[in-house]
Amino acid sequence: MKFFPAAVSAGSLVLAAALTGCTPVADVDAAADAANPDCASVLVAVPEDLAGSQQRETSSQATAAWGSPSQIILRCGVPVPGPTTDACATVNGIDWVLREEGSLWTATTYGRDPAIEVLFDTNQVASSTVLVELENAVSRIDQTRECLSTKDVELPG
């Protein structure tokens, strides 16, 4: 039998149970540079609702998840991508390196340190919606490089 202080009412116990028992914690591995202070400014700015899914609690620092089960996972502090031949798209001023494995996409910020990785299933959420709605949070990390295409550089001839 557990004993609670007299100051704790039955109503507050019900509220505490409701707050902790509704949605299980999403188990997300922290990125190597998750303790980077810039990640904190990003995480406090992520939207509570992303692409129609509610944010839920995660198990690791500098991570976020939306949906139950999780439809979108964000990790701050992943390795910063260097030059790549992977697709790179600019969405609302944010450059993203995109990797597709069927309907599973990984979008990683390009030109920002620390880098942010977003994983999602395009059968569940639209990539354009996810990346547009994260713009305010991601833009808190300064961009130092940008995506280039073959149209942007002079190739040896």
Side-chain angles (χ1 to χ4, degrees), residues 18-157:
L19 291 175
T20 59
C22 290
T23 306
V25 172
D27 188 20
V28 180
D29 291 335
D33 195 20
N36 188 310
D38 288 336
C39 286
S41 65
V42 170
L43 269 291
V44 298
V46 296
E48 288 184 28
D49 183 78
L50 180 60
S53 296
Q54 275 297 118
Q55 186 177 12
R56 58 192 282 206
E57 187 177 344
T58 59
S59 61
S60 300
Q61 180 177 358
T63 62
W66 291 265
S68 184
S70 298
Q71 296 178 342
I72 307 162
I73 301 287
L74 178 145
R75 298 185 327 138
C76 184
V78 298
V80 175
T84 181
T85 57
D86 290 330
C88 193
T90 303
V91 180
N92 284 9
I94 308 292
D95 288 348
W96 297 93
V97 174
L98 303 173
R99 292 186 184 94
E100 301 174 44
E101 291 183 32
S103 65
L104 300 177
W105 282 32
T106 302
T108 307
T109 54
Y110 184 82
R112 295 173 193 270
D113 189 358
I116 297 166
E117 171 185 83
V118 182
L119 302 113
F120 55 95
D121 184 336
T122 57
N123 288 333
Q124 302 292 321
V125 294
S127 61
S128 58
T129 303
V130 170
L131 301 181
V132 165
E133 292 181 3
L134 286 172
E135 182 246 339
N136 179 50
V138 172
S139 67
R140 293 169 186 253
I141 297 174
D142 292 332
Q143 183 169 339
T144 58
R145 292 176 294 149
E146 60 185 38
C147 291
L148 300 175
S149 74
T150 54
K151 298 175 188 170
D152 298 324
V153 294
E154 200 170 307
L155 299 174

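Source: prediction; values computed, not measured.
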Anything under 3.5 Å between a donor and an acceptor, one on a side chain of residues 123-131, the other on a protein residue two or more places apart or in another chain? List them.
residue: Asn123; atom: ND2; partner: Ser103; partner atom: OG; Å: 3.2
residue: Gln124; atom: OE1; partner: Gln71; partner atom: NE2; Å: 3.3

So how far is it from Thr58 OG1 to Leu43 CG, rounded to the nearest 0.5 Å?
-> 7.5 Å
Ala65 to Ala26 - nearest heavy-atom pair and separation | CB-CB, 3.8 Å
Check: Thr144 side chain, Gly111 main-chain N or O, donor-acceptor pair, under 3.5 Å | yes
Is the backbone of Ala62 close enough, under 3.5 Å, to the side chain of Arg75 for a donor and an acceptor to pair up by distance?
-> no
Residue pairs passing the salt bridge (charged side-chain N to carboxylate O under 4.0 Å, His left out) test where at least one lies in residues 80-98, sequence neighbours excluded | Asp86-Arg99
Pairs in or reaching into residues 58-74: which pass salt bridge (charged side-chain N to carboxylate O under 4.0 Å, His left out), with residues at least two apart or in two chains?
-> none
Got Leu119 and Leu104 here, is their nearest side-chain heavy-atom distance under 4.5 Å?
-> no
Rounded distance (nearest 0.5 Å) linking atom OG of Ser68 with atom CD of Gln55 = 13.0 Å
What residues, two or more places apart in sequence or in another chain, satisfy side-chain hydrogen bond (donor to acceptor under 3.5 Å, both in side chains) together with Ser59?
-> Asp27
Between atom OG1 of Thr63 and atom CD1 of Ile73, what is the distance when rounded to the nearest 0.5 Å?
-> 7.5 Å
Residue pairs meeting disulfide bond (SG atoms under 2.5 Å apart), one or both in residues 70-108, sequence neighbours left out, come to Cys39-Cys76, Cys88-Cys147
Interatomic distance, Ile116 atom CD1 to Ile94 atom CD1 [nearest 0.5 angstrom] = 8.0 Å
What heavy-atom pair brings Gln61 and Ala34 nearest, and what distance separates the two atoms?
-> NE2-O, 3.5 Å
Please name the pair of heavy atoms, one in Trp66 and one in Ala64, separated by the smallest distance, quoted to 0.1 Å.
-> CH2-CB, 3.5 Å
Atom pair CZ (Arg112) and OG (Ser139), whose distance is rounded to the nearest 0.5 Å | 6.5 Å
Pairwise distance CZ(Phe120) to OG1(Thr106) - rounded to 0.5 angstrom = 8.0 Å
Check whether any side-chain heavy atom of Thr109 lies under 4.5 Å from a side-chain heavy atom of Trp96, and answer yes or no.
-> yes
Any pair counted as salt bridge (charged side-chain N to carboxylate O under 4.0 Å, His left out), so long as it reaches residues 119-146, sequence neighbours left out | none
Tell me, do Leu134 and Pro47 make a side-chain contact under 4.5 Å, heavy atoms counted?
-> yes
Between Arg56 and Gly67 the two heavy atoms that sit nearest each other are CD-O, 2.8 Å
